[in-house]
Every structure is written in C-alpha cells, then in structure tokens.
Enquirer: 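Sending over a structure as structure tokens; questions will come in a sec.
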Amino acid sequence: MIRKIGYACINLSLDCRSSRTFRLVSYSEERLAETIKGNLNCLQQILEFNLKKQIYFFRITSDLIPFASHPVNQFPWQRVFKQQFKEIGRFISSKGMRVSLHPGQFTILNSPRKEVVKNARRELIYHNQVLDLMGLNSSHKIQIHVGGVYGNKQSARLRFEKNFQCLPHSVKNRLVIENDDRSFSLADCLKTSSKLRIPIVLDSLHHSLLNEGEPLEKAFKNFVPTWSKKDGRPIVDYSEQAKNKRPGSHASELTPRLFKGFIERTRRFNFDLMLELKAKEKNAFRALKILAELSGKDRSKQSE
DNA sequence: AGTTGTCAAGCTAGT
DNA sequence: ACTAGCTTGACAACT
C-alpha cells in the first residue's frame, strides 16, 4: 500500500517560493545570499505546512541554490547556511519525513559530449551537498533519467554506467534512475539497475507511454526489488495525462476514479508516492482523503 | 500595474 | 524547421 504521499517543489497555498532565482547578468553575492536565505526560509515553511497536513514526502526544488553548479558561483553557501540546512534536516528526520530531489533536464550523465557530462557531475554533486548538509541518510534520493539515446541505446546506456562509476561515493549512494516516456523504459532501466546496483523510481505515466507490454502489476513486481534496506521504501512517481495535450504532459488535477484504480492494482506493494500534478499540494490532500476512505482508518501513522 | 521577451545548461518527438 | 515538454515559470525591461 501507499505509505507516504508527496508533491513536487512548489506549494501553491503559501505565498512564498523556495525556487526564487534571478538572471545571470544580475549576479552578485549579495543577491545570491539574499535569494538563498529566502528560499531556505520558504522551504522551512513548506515543510511545516506539510507536517500540519500530514504530508510526509516532498521533492525539494533544484533551484534552491541559484547557479549552484555554475562557475560564476564561488560563494561558500555551504558554509554560510550550514546551520539552516542542519535545522531543516533535523526537522525532516525528527518528524519522519522523506525528501527527494530531481535534477533538471540538463543533467545528462550519458552525453557523448564531455562538457555536458562534466556539468551533470557538478549538478549531481550540488544536489548531494544539499542532502549532506541536512544530515539526511541515503533513503533521501536524487533521481535522474538515463539520458539521450544518440542513435544507439545500448552504447548510450553503457556510457551512463561508465560515467556513474566515476561519481563520488556519496552521490552513488543516493542516485536512482527513473524510466522515461521516450527513450529508456523500465526494462532498460532494470538492466542498468542490476549492473550498478542502484534502485529505480517507477514513473507510472511514463510507463504507460513506453513499456514492453508489462502491466502495472508486473512493473511493480520488477522494480520494487531494486530497493534495498539502505535505500528506504521504493518510490513511485504518479501523474496523469493532461486532456487534449501532447502525450506526456501532466494533468493539473488528480482523477479520483483513476487514482482509485491505481491504488487497487498496487495495494500489495509498500511504497512512497510522489504526485507530479500541477495542482501540487491540493492533490496530495485529495490523495490522502481517498486513501483514508478506502482503508477506513486513520492515516496519521503513515510515517511509521 | 500589467505585458512581454528572455532566461545556464539537453534531448526527443510531434507538428 | 520549429517548438512543447520535461520536476517547476519567473525575471526584468518595457509600456
């Protein structure tokens, strides 16, 4: 059954953003420090909001630190904001919460271009620093896609595996791969997962768009064992196709009928669920309500 | 105050 | 050839 439920990056109920940024041309250390401070304060507010609403899973935005892996940024933000990171981390662990991070579309570890791989590496190190500074263990994950195909999926996949091996140890401990909707299916990810011994985040919408014919139940049966004890509970990304939009674009609102169907089909597995729907926390409320109705019991113990 | 062109970075597929 | 879409629009200059 679904244990923790979460949403991604933005809270629409609060009037703050933890992803404030600015243009590179207006970069200054003052501007950077001010923005980071605001972003961290907002992140704290979001987590407190979540706790009140019994939302125990959250994806932290990659924009928390603007230009974090850009060479322009030489500001020692890790040291300057050390204490605030620590407090946030303590809040997360002490309340039994879980967080994840999803580096952006530019983080391509398997690119044939050296420069792109180098940037990806820097970006992954930044994401890992955020979790390290918070003092969180390896169940708090960083998820990325395998990357581009470049005309040969096999060699593209091998390049990912090779470049992964060159990452710092602590990054490797937190990195998980997610099946995408165009290139690397769950079956592809399983090959890399078994070679590198890293877990897979199953994205339900992506799987419905790109698969090897496995029904959802079979997909779960395959991806769940890629999670070991130190990785925490398996993570699933849930979203729905937006009506009248291109395949893969995310709906705003959760459809109770579809969500109930999803719960029904996956109830024999224990996992945490990340909602990737544009209406954010509103859908998390809805999902929690539906779960409570279905199970007929209090969900306040979901973090156990 | 409201509008609009542009923004650090990559890649794919639909149009 | 262009552009929407991706985990997320928002900044900043202009009217």
Side-chain angles (χ1 to χ4, degrees), chain A residues 6-12 14-28 31-32 34-35 38-39 42-43 46 57-73 99-124 126-127 130 141-153 156 159-160 163 176-185 188 201 203-206 209-210 235-242 244-252 273-281 283-284:
Chain A
Y7 60 99
C9 307
I10 294 176
N11 179 302
L12 298 172
L14 297 168
D15 67 344
C16 73
R17 292 283 179 278
S18 56
S19 53
R20 291 291 298 271
T21 183
F22 49 87
R23 297 295 166 82
L24 186 55
V25 289
S26 43
Y27 181 91
S28 73
R31 182 78 186 265
L32 179 68
E34 194 181 294
T35 307
N39 286 347
C42 181
L43 176 59
I46 293 174
F57 193 21
F58 184 66
R59 180 183 297 161
I60 297 173
T61 174
S62 296
D63 289 333
L64 192 67
I65 310 295
F67 305 104
S69 68
H70 192 285
V72 76
N73 184 350
V99 293
S100 65
L101 287 157
H102 192 333
Q105 58 270 49
F106 306 108
T107 311
I108 313 284
L109 199 53
N110 78 340
S111 174
R113 294 171 51 198
K114 249 189 178 153
E115 200 58 31
V116 174
V117 176
K118 201 174 124 197
N119 291 343
R121 182 187 161 88
R122 290 165 63 93
E123 190 71 357
L124 289 173
Y126 148 61
H127 283 78
V130 168
K141 293 301 188 187
I142 300 168
Q143 68 187 78
I144 60 171
H145 297 289
V146 177
V149 172
Y150 313 94
N152 184 341
K153 199 194 276 190
R159 205 158 48 238
F160 179 94
N163 292 338
V176 300
I177 49 176
E178 177 193 342
N179 60 307
D180 68 76
D181 56 344
R182 312 233 144 121
S183 309
F184 292 91
S185 66
D188 296 321
V201 168
D203 185 303
S204 64
L205 179 62
H206 292 167
L209 293 166
L210 179 70
I235 296 175
V236 177
D237 284 356
Y238 177 89
S239 114
E240 294 171 15
Q241 175 63 46
N244 306 319
K245 290 243 184 124
R246 310 160 66 137
S249 75
H250 291 190
S252 223
L273 189 70
M274 177 55 63
L275 299 172
E276 290 183 343
L277 295 155
K278 294 188 191 295
K280 302 297 171 187
E281 74 279 5
N283 287 307

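Computed from a prediction, not measured in an experiment: that's the story for all the values here. Throughout, protein chains are lettered first and strands after them, A, B, ... in sequence-line order, and every chain is numbered starting at 1. Below, each value reflects all heavy atoms present in this structure, side chains not excepted, and no hydrogens, waters or symmetry copies.
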Enquirer: Regarding A:Q105, tell me which of base, sugar-phosphate or nothing describes its non-hydrogen contacts under 4.0 Å with the strands shown.
Expert: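 Counting heavy atoms under 4.0 Å across all strands, the contact made by A:Q105 includes a base.
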Enquirer: If you look at every strand shown and take non-hydrogen atoms under 4.0 Å, does A:E123 touch a base, only sugar-phosphate, or nothing?
Expert: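 Contact class for A:E123: base.
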Enquirer: Does a nitrogen or oxygen in the side chain of A:H250 sit under 4.0 Å from OP1 or OP2 of C:dG5?
Expert: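 Answer is no, no contact under 4.0 Å.
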Enquirer: Between C:dC2 and B:dT6, how far apart are the two P atoms, rounded to whole Å?
Expert: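 Per the computed distance, 15 Å lies between those P atoms.
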Enquirer: How many whole angstroms separate atom CD of A:E240 from atom P of C:dT7?
Expert: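 Roughly 15 Å, once rounded to whole Å.
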Enquirer: When the C1' atoms of C:dA4 and C:dG9 are compared, how many Å lie between them, rounded to an integer?
Expert: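 Here C:dG9 and C:dA4 have their C1' atoms 14 Å from each other.
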Enquirer: Describe the nucleic acid contact of A:Y150 in one word from base, sugar-phosphate, nothing, applying a heavy-atom distance below 4.0 Å.
Expert: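 It contacts sugar-phosphate atoms only.
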Enquirer: Does A:R17 reach the side chain of A:L12, with side-chain heavy atoms less than 4.5 Å apart?
Expert: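 They are in side-chain contact.
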Enquirer: Any side-chain N or O of A:R59 less than 4.0 Å from the OP1 or OP2 oxygen of C:dT8?
Expert: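 No, because none of the side-chain N or O atoms of A:R59 sits under 4.0 Å from OP1 or OP2 of C:dT8.
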Enquirer: Return the minimal non-hydrogen interatomic distance between A:Q143 and A:D237, and the atom names on each side.
Expert: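 Scanning both residues, the minimum pair turns out to be NE2-OD2, 2.8 Å.
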Enquirer: Heavy atoms under 4.0 Å, any strand shown: does A:R31 hit a base, just sugar-phosphate, or nothing?
Expert: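 Sugar-phosphate, backbone atoms only, no base.
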Enquirer: Between A:R23 and A:C9, which has a closest nucleotide on DNA chain C that is more 5'?
Expert: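 Here A:C9 is the residue nearer the 5' end.
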Enquirer: Map A:R20 and A:G104 onto DNA chain C by nearest heavy atom, then report which one ends up closer to the 5' terminus.
Expert: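 Closer to the 5' end of DNA chain C: A:G104.
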Enquirer: Nearest whole angstrom, please: distance from the C1' of C:dT3 to the CZ of A:R182.
Expert: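 Interatomic distance, CZ of A:R182 to C1' of C:dT3: 12 Å.
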Enquirer: Give the rounded distance in Å between these two atoms: CG of A:L64 and C1' of C:dA10.
Expert: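 Atom-to-atom, A:L64 to C:dA10, this comes out as 16 Å.
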Enquirer: Tell me, do A:E276 and A:D203 make a side-chain contact under 4.5 Å, heavy atoms counted?
Expert: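 Yes, at least one pair of side-chain atoms sits under 4.5 Å.
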Enquirer: Hey, does A:H206 reach any base, or is it just sugar-phosphate, or nothing, if we go heavy atoms under 4.0 Å?
Expert: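 Since only primed, P, OP1 and OP2 atoms lie under 4.0 Å of A:H206, the category is sugar-phosphate.
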Enquirer: In whole Å, what is the span from the CG atom of A:D203 to the C1' atom of C:dC6?
Expert: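 Checked: the CG to C1' distance equals 11 Å.
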Enquirer: From the set C:dT7, C:dC11, C:dG5, return the single nucleotide nearest to any side-chain atom of A:H102.
Expert: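 Closest of the options to the side chain of A:H102: C:dT7.
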Enquirer: Whole-Å distance between C:dG5 C1' and A:H145 NE2?
Expert: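 Answer to the nearest Å: 11 Å.
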Enquirer: If you compare all heavy atoms of A:V130 against all heavy atoms of A:L64, which two are closest, and at what distance to 0.1 Å?
Expert: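 Taking A:V130 first and A:L64 second, the nearest heavy atoms are CG1-CD2, 4.2 Å.
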Enquirer: So do A:T35 and A:F67 actually touch side chain to side chain, heavy atoms under 4.5 Å?
Expert: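 Answer no - side chains too far apart.
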Enquirer: Any base atoms under 4.0 Å from A:S69, or only sugar-phosphate, or nothing? Heavy atoms, all strands.
Expert: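 Answer is base: heavy atoms of A:S69 come under 4.0 Å of a base.
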Enquirer: Atom CG of A:L24 and atom C1' of C:dC11: how far apart are they, to the nearest Å?
Expert: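 After rounding, the gap between these two atoms is 13 Å.
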Enquirer: Of all heavy-atom pairs between A:I60 and A:L101, which one has the smallest distance, and what is that distance?
Expert: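 Minimum heavy-atom separation between A:I60 and A:L101: O-CD2, 3.1 Å.
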Enquirer: So, the side chain of A:N119 versus the backbone of A:V116: is there a donor-acceptor pair under 3.5 Å, distance only?
Expert: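 No; judged by distance alone, with no hydrogens or angles, the pair does not exist.
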Enquirer: Work out which heavy atom in A:Y238 is nearest to a heavy atom in A:L273; give both atom names and the distance.
Expert: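 Reported closest heavy-atom pair: CB-CD1, 3.6 Å.
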Enquirer: With no hydrogens and no angle check, is any side-chain donor or acceptor of A:N283 less than 3.5 Å from a backbone partner on A:S252?
Expert: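 Indeed, once roles are kept as given, a pair shorter than 3.5 Å links the two residues.
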Enquirer: Measure the shortest side-chain to side-chain distance between A:Y27 and A:H70 over non-hydrogen atoms and say whether it is less than 4.5 angstrom.
Expert: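 SC-SC contact between A:Y27 and A:H70 ruled out.
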Enquirer: Heavy atoms under 4.0 Å, any strand shown: does A:D63 hit a base, just sugar-phosphate, or nothing?
Expert: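 Since a base atom lies under 4.0 Å of A:D63, the category is base.
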Enquirer: Take N1-N3 plus N6-O4 or O6-N4 for Watson-Crick, N1-O2 plus O6-N3 for G-U, both under 3.5 Å. Which runs of 3 or more such pairs involve DNA chain B?
Expert: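 In DNA chain B, stems of three or more pairs: B:1-7 with C:9-15, B:10-15 with C:1-6.
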Enquirer: When the P atoms of C:dA10 and B:dC11 are considered, how many whole Å apart are they?
Expert: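 Going atom to atom, P in each nucleotide, I get 26 Å.
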Enquirer: Using the C1' atom in both, what is the distance from C:dC6 to B:dA9, to the nearest Å?
Expert: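 Straight-line distance between the two C1' atoms is 14 Å.
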Enquirer: Shoot me the first and last contacting nucleotide of DNA chain B against chain A, ordered 5' to 3', at under 4.0 angstrom to non-hydrogen atoms.
Expert: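 Going 5' to 3' along DNA chain B, contacts run B:dG5 to B:dG14.
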Enquirer: Rounded to whole Å, please give me the gap between CG in A:L277 and C1' in C:dT8.
Expert: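 Atom-to-atom, A:L277 to C:dT8, this comes out as 13 Å.
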Enquirer: With sugar-phosphate meaning primed atoms plus P, OP1 and OP2, does A:S26 contact a base, only sugar-phosphate, or nothing at under 4.0 Å between heavy atoms?
Expert: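 Sugar-phosphate contact only.
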Enquirer: Say we look at C:dT3 and B:dG5: how far apart would their P atoms be, to the nearest angstrom?
Expert: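 Rounded to whole Å, the distance is 13 Å.
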Enquirer: Without swapping roles, check the side chain of A:N163 against the backbone of A:N110 for a donor-acceptor pair under 3.5 Å.
Expert: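 Not confirmed, A:N163 side chain does not pair with A:N110 backbone.
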Enquirer: So, does A:K153 use its side chain to make a donor-acceptor pair with the main chain of A:F184 at under 3.5 Å?
Expert: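 The answer is no, because no donor-acceptor pair under 3.5 Å joins these two groups.
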Enquirer: What is the distance, to the nearest angstrom, from the CZ atom on A:F106 to the P atom on C:dG5?
Expert: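 It is 15 Å, rounded to the nearest whole Å.
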Enquirer: So what does A:V149 touch, heavy atoms closer than 4.0 Å: a base, only the sugar-phosphate, or nothing?
Expert: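 Sugar-phosphate, backbone atoms only, no base.
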Enquirer: Pick the P atom in B:dG10 and in C:dC11, then give their distance to the nearest Å.
Expert: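 One P to the other, the span is 22 Å.
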